[in-house]
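For reference, the structure is listed below as structure tokens.
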Amino acid sequence: MNIFRLTGDLSHLAAIIILLLKIWKTRSCAGISGKSQLLFALVFTTRYLDLFSAFISLYNTSMKLIYVACSYATVYLIYMKFKATYDGNHDTFRVEFLVVPVGGLSFLVNHDFSPLEILWTFSIYLESVAILPQLFMISKTGEAETITTHYLFFLGLYRALYLINWIWRYYFEGFFDLIAVVAGVVQTILYCDFFYLYVTKVLKGKKLSLPA
């Protein structure tokens, strides 16, 4: 554990809490991609199956449980409790174009050809592209609510901080995970345009829109 890993975890948690509060307080999931949230729920489910077989620390176990519980709570709010407010007409990204290639890649490129390891690898690859349906939805609608952009910012910040964490661990611990690093770089690149627009527009009080 280092400061970059810790702040990365906190940024990730902040993003999830911001999204849940946004939906609950407004009683609406307008502007939120249910498909992205389903993908994130799949990410956490496949990544944290080791909850039943391994214990690292109380902190580690607690964060895993929080991520899994919050991801399913978000999916429940979108597809059940506030289903009437869900904008499915704009949430049209074909997620099978992400899940199928990622599934195939996780079988071909992994650290160990075992069920848990393949599922962990699948979750790493899938997380790197899980935000695409949300970005695609914003692009289709032309703009995003400020609270939604805050969610996306903290989600992107989490990944950027994790990249610094990997660099730190390489120099000070001699640890390097190529799969996690490459996936993290891909995910961070996807946020580059968003970060620019967030700084130049949202922080100046303007609404954010993504180029189509």
Side-chain angles (χ1 to χ4, degrees), residues 1 4-88 91 93 95 98-99 102 116 119-120 122-135 137-138 144-162 165 180 183-184 187-188 190-191 194 198:
M1 179 64 70
F4 302 110
R5 165 74 183 274
L6 179 60
T7 52
D9 285 346
L10 293 178
S11 294
H12 195 182
L13 187 58
I16 294 171
I17 292 174
I18 286 171
L19 182 63
L20 283 171
L21 288 178
K22 182 269 181 193
I23 296 174
W24 188 258
K25 285 190 173 184
T26 62
R27 317 297 286 182
S28 170
C29 53
I32 302 298
S33 169
K35 291 186 176 182
S36 268
Q37 297 310 312
L38 282 172
L39 291 180
F40 281 124
L42 182 58
V43 165
F44 296 133
T45 301
T46 53
R47 181 175 302 172
Y48 298 143
L49 289 174
D50 63 351
L51 273 169
F52 304 103
S53 60
F55 177 81
I56 298 175
S57 68
L58 180 60
Y59 170 82
N60 182 271
T61 299
S62 298
M63 293 300 282
K64 289 178 179 180
L65 290 172
I66 289 172
Y67 290 150
V68 172
C70 287
S71 66
Y72 279 98
T74 304
V75 169
Y76 166 76
L77 292 178
I78 293 174
Y79 286 102
M80 297 187 72
K81 190 170 183 62
F82 302 122
K83 182 179 180 180
T85 67
Y86 170 54
D87 187 9
D91 193 16
F93 192 95
V95 294
L98 299 178
V99 175
V102 161
L116 281 180
L119 287 172
W120 177 86
F122 171 81
S123 77
I124 295 296
Y125 293 151
L126 184 61
E127 186 184 20
S128 69
V129 294
I131 201 61
L132 281 176
Q134 179 67 66
L135 297 178
M137 187 177 185
I138 294 175
E145 295 180 18
T146 300
I147 192 68
T148 304
T149 63
H150 293 331
Y151 157 71
L152 290 171
F153 172 77
F154 278 102
L155 203 58
L157 180 62
Y158 136 71
R159 179 46 60 189
L161 287 168
Y162 254 58
N165 161 64
Q187 189 174 358
T188 304
L190 292 178
Y191 282 94
F194 171 80
Y198 184 86

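No experiment lies behind these values; they were computed from the predicted model shown. Because only heavy atoms are used, hydrogens play no part in the values below, and waters and symmetry mates are left out as well, while side chains stay in.
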Test ring pair (Phe, Tyr, Trp, His ring centres under 6.0 Å) applied to [X] - qualifying residues, sequence neighbours left out:
| X | value |
| --- | --- |
| Y158 | H12, Y162 |
| Y59 | none |
| F122 | none |

Contacts of R27 meeting salt bridge (Lys or Arg N to Asp or Glu O under 4.0 Å) (sequence neighbours excluded), chain-then-number -> none
Please name all residues satisfying salt bridge (Lys or Arg N to Asp or Glu O under 4.0 Å) with K35, sequence neighbours left out, ordered by chain then number.
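Listed in chain order: nothing, the list is empty.
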Salt bridge (charged side-chain N to carboxylate O under 4.0 Å, His left out) partners of [range], not counting sequence neighbours, each pair once:
| range | value |
| --- | --- |
| residues 67-76 | none |
| residues 62-88 | D50-K64 |
| residues 54-63 | none |
| residues 16-26 | K22-E145 |

For L77 and I32, what are the C-alpha separation, side-chain angles and deciding distance, and is it a side chain to side chain contact (heavy atoms under 4.5 Å, CB included)?
CA-CA 11 Å; L77 292 178; I32 302 298; over 6 Å; no
So, using side-chain hydrogen bond (donor to acceptor under 3.5 Å, both in side chains) as the criterion, who are the partners of S128 when residues are at least two apart?
none
Apply the test side chain to side chain contact (heavy atoms under 4.5 Å, CB included) to residues W120 and L116: give CA-CA distance (whole Å), side-chain angles for both, the deciding distance (0.1 Å), then the verdict.
CA-CA 6 Å; W120 177 86; L116 281 180; over 6 Å; no
Report the C-alpha distance between L20 and T74 in whole Å, list the side-chain angles of each, state the deciding distance to 0.1 Å, and finish with yes or no for side chain to side chain contact (heavy atoms under 4.5 Å, CB included).
CA-CA 6 Å; L20 283 171; T74 304; 3.2 Å; yes
Donor-acceptor contacts, no H, no angles, side chain residues 37-49, under 3.5 Å, sequence neighbours left out:
from, atom 1, to, atom 2, distance (Å)
Q37, NE2, Y151, OH, 3.0
T45, OG1, A41, O, 2.7
T45, OG1, Y72, OH, 2.6
T46, OG1, L42, O, 2.8
T46, OG1, V43, O, 3.2
R47, NE, S123, OG, 3.0
R47, NH1, E127, OE1, 3.2
R47, NH2, S123, O, 3.2
R47, NH2, E127, OE1, 2.7

side-chain contact (heavy atoms from CB on, under 4.5 Å) involving A180 - partner list, sequence neighbours excluded
W166, D177
